[in-house]
Amino acid sequence: MAAALEFCGIAPLLWLVNGHAFLGYWREDTSLSTAASDDVPELVSLVQRGYIGLVETTMLTGRQLITPASLRSSPESDYIEAGQEKIQAVTDIRRARFDGIHPLPARTTSESGEPVVTNYVPQAKAGPVVPEKQGKVARHDGTAPNVPARVTQWKNALLDLSLRNRLINFTDTARFPLAVPSTWIGPFEDLINNGTSISLIPSNQISAVNQERGIRFGRDLPQDELIGMLSAKKAVYAEVSEEAYNSKMRGLAYKAKTQTEETGANNLYLALGSLLWELDGRTLRSPLVLVPVNLTSAGKNGLYRVTLDEAGQSTPNYCLLEKLTQTHGLRIPGLAEPAEDGSGIDLDAAFNAVREAISAKGLAFRVENTVDLSMLQFAKFRLWKDLDESWEQFAKNRLMDHLISSPTELFNDPVKAADETDLDALSAHCPIPADSSQLQAVASAVAGQTFVLEGPPGTGKSQTITNLLTRAIVEGKRVLFVAEKRAALDVVQKRLEEVGMGPFSLDLHDKGSKPAAVRAQIKQALELRLDSDAQQLDTASTDLASARRGLIRYASRLHEENGAQLSLYSARTKALTFDPDGSALPLSVDFTASANETVLEPVRAVLRELPEYTDRARPSTNHPWRFVASAASADAKDQLTGDGQRIDAALDVLRSVEGLTGVVSSATSPSELRIFAALLEDRSVPVETLDVVRSGQWSAGAQHLEQLVSAFAAVNHPGLEKVGPEAMDLPLQDILGRAEQAAASGFFGRKKRMLAVVAELDAVVHSGANVRPKELVQLLQNLVAAQQQIHGLQAEAQAVPGMAVPQRWNPLTEAGQQALEHRLGWLRWAAQAVQPNAGDNSVPSKLRCAPSSTAASPSTRT
């Protein structure tokens, strides 16, 4: 089917999910940025916004009765709404063709037996008219409006007529029902529009008498009692219990307030009346009339009140009207343009108009007299309506015409920039200091150019906008400044007020666009009178001109070249390229001031040729005095002095030990001195112990120790397939105790505690290995067993005379094995080096002949 869609000119998409694939298609003339995409959130968003349609093609192979709606709804419910994690990737066939990816050639055999190879050749076909996606309004007035595709795309993005919109699918979870008597919905709407505050009472806060009568909730009270409460006390019951009243009301009020502050639109509405209707076999509920309200706390008794938002009024649900026109061709003029009764809409007449329209159409719909409080997104419909009715007027603007007719082409601005703009003069007429790029933007905007100004936070965009607005007002221009967030409007408004332009800025934000406030601000601007201080302005202009001349002189001198054709700027730039640790040749100020290219070139030539002569007198790298090859710095002199002092101190220590000087003096070569130094590597081993090392018993014990360690290291110990030998250095017994405690804990939180213990092993776990919580205890028990064996080997090593292993010695690591090998090797070598028959004048003989006091000192012990 994907091939058939492509042949018909419709761009197909292949949706790959776990063990399955289904078909998608573009409902707009567009494609993905790559032939294959796994950006699931963005793909799902394209479906939900109506840009992509879905078809479950496997349903076409069965025998059950299917409808187009079921073909579309099956993948949407299975994967888009409930199983997004199953989606793996989407292949865009159109993008694949654009990228040069085509099907493999088809090989067939002709009637004569000759092989025939057929290559895929993409053909440009005019596809059928794509069904309008959700959000696109169909017209039924017999005319075919020539609406550009770009305008249609903007309208589709603004108006959401899908079932995700609460104005279409008013679900029970979105509703906050109020117990208004069905016969009193009209008077209730009149009370709200007249500015009356209506208190909301918890549903179970009823009198004891009514409770004795078996009435549990306020909605079950007699209608006349509810009417009396509404007319006399201006109160109605809300569908919320007394226990949850404060939390739910407070949350709803906070949410409404946050939406108003961030977007400027109040999304808290009273939904008056409901239409129960059907769409594709599904029963829907939709509100009929919307009244914007505010929800505030009523005082000590804790009750909340709803009052009319002065910036709004009772409005029909235009989203529902457009949806009914699109799906059922149902038009309801009595609701689209309702009659008024002096206090809002005549609800009875509007509801009767709806009933008559659905009856005339033969539809089994019904109208219910309900009142609900809910958060509803209704602000974008105003934008959609403006675009639907006035796009031709918008297209008269050159930029809008470009975005509508040729959005993929480069915009050629008919307004050309001035050849040279005096930015300094412009800066003097801007209230906020600006750099050259910001001033150029102001100049371009005042000239009427179209451009995009971009910059990260903190680069002065709001300052630039303030300067731009100020200069435009001075030039007699009118400016409309819009922003997505209220905070951006507040920042610019604050800056305009700081520079004295506040009276000329009119806030059209929904929250502040009350008629009285607008009239007052316009009156203030018309009556504003300003007196200028001409003398102060002249003085400031003179100071500015003086400062500007100083800056010009500074820039000129900064780049002025000297006789060596170097300016301060270029010289500093060149100096930054040199090695900062290299020594510099000192030059006098007189030389640098008078030097020119003629003088400097011979100096440069001498410095280039100097190493050819100085290298001949430089000592070799092995010479003891090789450090004199360069002039010693102060640090080098201090280092040489320190080395000499340390040598003297070492000789003093040597002389302080009786007999040690003779031992050292007996050395006749550097090799004997190295033997003596090696014997002092471990001064805790007496000469007597080294005599034991030469015995056969010691050799057998050392060999047995080596065999034990080799055998232990060669065995594959359980648990070390997941962790490294470094795990033996950890307090495994303590970690095992925490793991056993976590495993024995309750179900809730057990996994989290086990994972916390697993995290203690992260540093020693092999790359790619995974320690699961359920195997943690067994793993630690195996590791503890291996660690106890290591402790046994440590005890074996300590039993060998002369052996000393650290507490954290690990025979499983290469370092631990090398340490054992080094220690045993050193003991064997030292034992041979101090044999009695080594000679009377040798270092070992001198050690044995040293006085007892010397033999007992640390310096005479090997």
Side-chain angles (χ1 to χ4, degrees), residues 650 653-654 657-715 725 728-729 788-862:
V653 172
L654 191 65
V657 180
E658 182 181 358
L660 189 57
T661 304
V663 174
V664 176
S665 300
S666 65
T668 58
S669 64
S671 61
E672 290 189 353
L673 282 176
R674 283 193 289 271
I675 293 175
F676 177 62
L679 288 174
L680 292 177
E681 178 179 340
D682 189 347
R683 290 172 290 179
S684 63
V685 181
V687 175
E688 294 78 5
T689 301
L690 295 177
D691 292 337
V692 176
V693 171
R694 292 192 299 274
S695 65
Q697 183 179 0
W698 187 93
S699 298
Q703 184 177 4
H704 178 66
L705 176 62
E706 290 177 322
Q707 291 175 352
L708 289 176
V709 172
S710 299
F712 181 77
V715 174
M728 298 296 105
D729 298 334
Q788 291 174 353
Q789 295 180 23
I790 292 176
H791 293 164
L793 290 176
Q794 290 176 348
E796 290 285 344
Q798 296 291 353
V800 177
M803 280 297 297
V805 295
Q807 184 178 2
R808 299 181 65 179
W809 173 64
N810 190 351
L812 293 177
T813 63
E814 184 177 357
Q817 297 172 8
Q818 290 178 353
L820 177 66
E821 181 181 355
H822 173 76
R823 181 68 178 181
L824 292 175
W826 182 86
L827 288 173
R828 293 187 177 102
W829 172 84
Q832 296 299 324
V834 298
Q835 290 189 63
N837 57 354
D840 294 338
N841 294 324
S842 64
V843 172
S845 298
K846 290 291 185 180
L847 281 173
R848 290 182 173 276
C849 296
S852 58
S853 60
T854 302
S857 67
S859 300
T860 61
R861 302 176 69 87
T862 60

Please tell me if the side chains of Met803 and Leu820 come closer than 4.5 Å, counting only heavy atoms from C-beta onward. yes

For Pro801 and Leu827, the nearest pair of non-hydrogen atoms, with its separation, is O-CD1, 4.1 Å

I need the minimum non-hydrogen distance between Pro725 and Thr813, along with the two atoms involved. CB-CG2, 3.6 Å

Would you indicate whether Glu821, at its atom CD, is surrounded by more than 12 heavy atoms from other residues, nucleotides or ligands within a distance under 6.0 Å? no

How many angstroms lie between atom CG of Leu793 and atom CD of Gln788, to the nearest 0.5 angstrom? 12.5 Å

Any donor and acceptor pair, going by atom type alone, linking the side chain of Ser710 with main-chain N or O of Gln707 inside 3.5 Å? no

Nearest heavy atoms of Val800 and Trp698, plus distance in Å: CG1-NE1, 3.4 Å

Is Trp809 reaching over with its side chain to a backbone N or O of Gln794, donor-acceptor style, under 3.5 angstrom? no

Side chain of Arg828, backbone of Ser699: donor and acceptor closer than 3.5 Å? no

Considering all heavy atoms of both residues, which atom of Arg823 and which atom of Gly802 are nearest to each other, and what is their separation? NH2-O, 2.6 Å

Do Ile790 and Pro811 come close enough that some side-chain heavy atom pair is under 4.5 Å? yes

Between Glu814 and Gln818, do the side chains contain an N or O donor and an N or O acceptor separated by less than 3.5 Å? yes

Got a second to check how far Leu824's CG is from Glu706's CD, nearest 0.5 Å? 5.0 Å

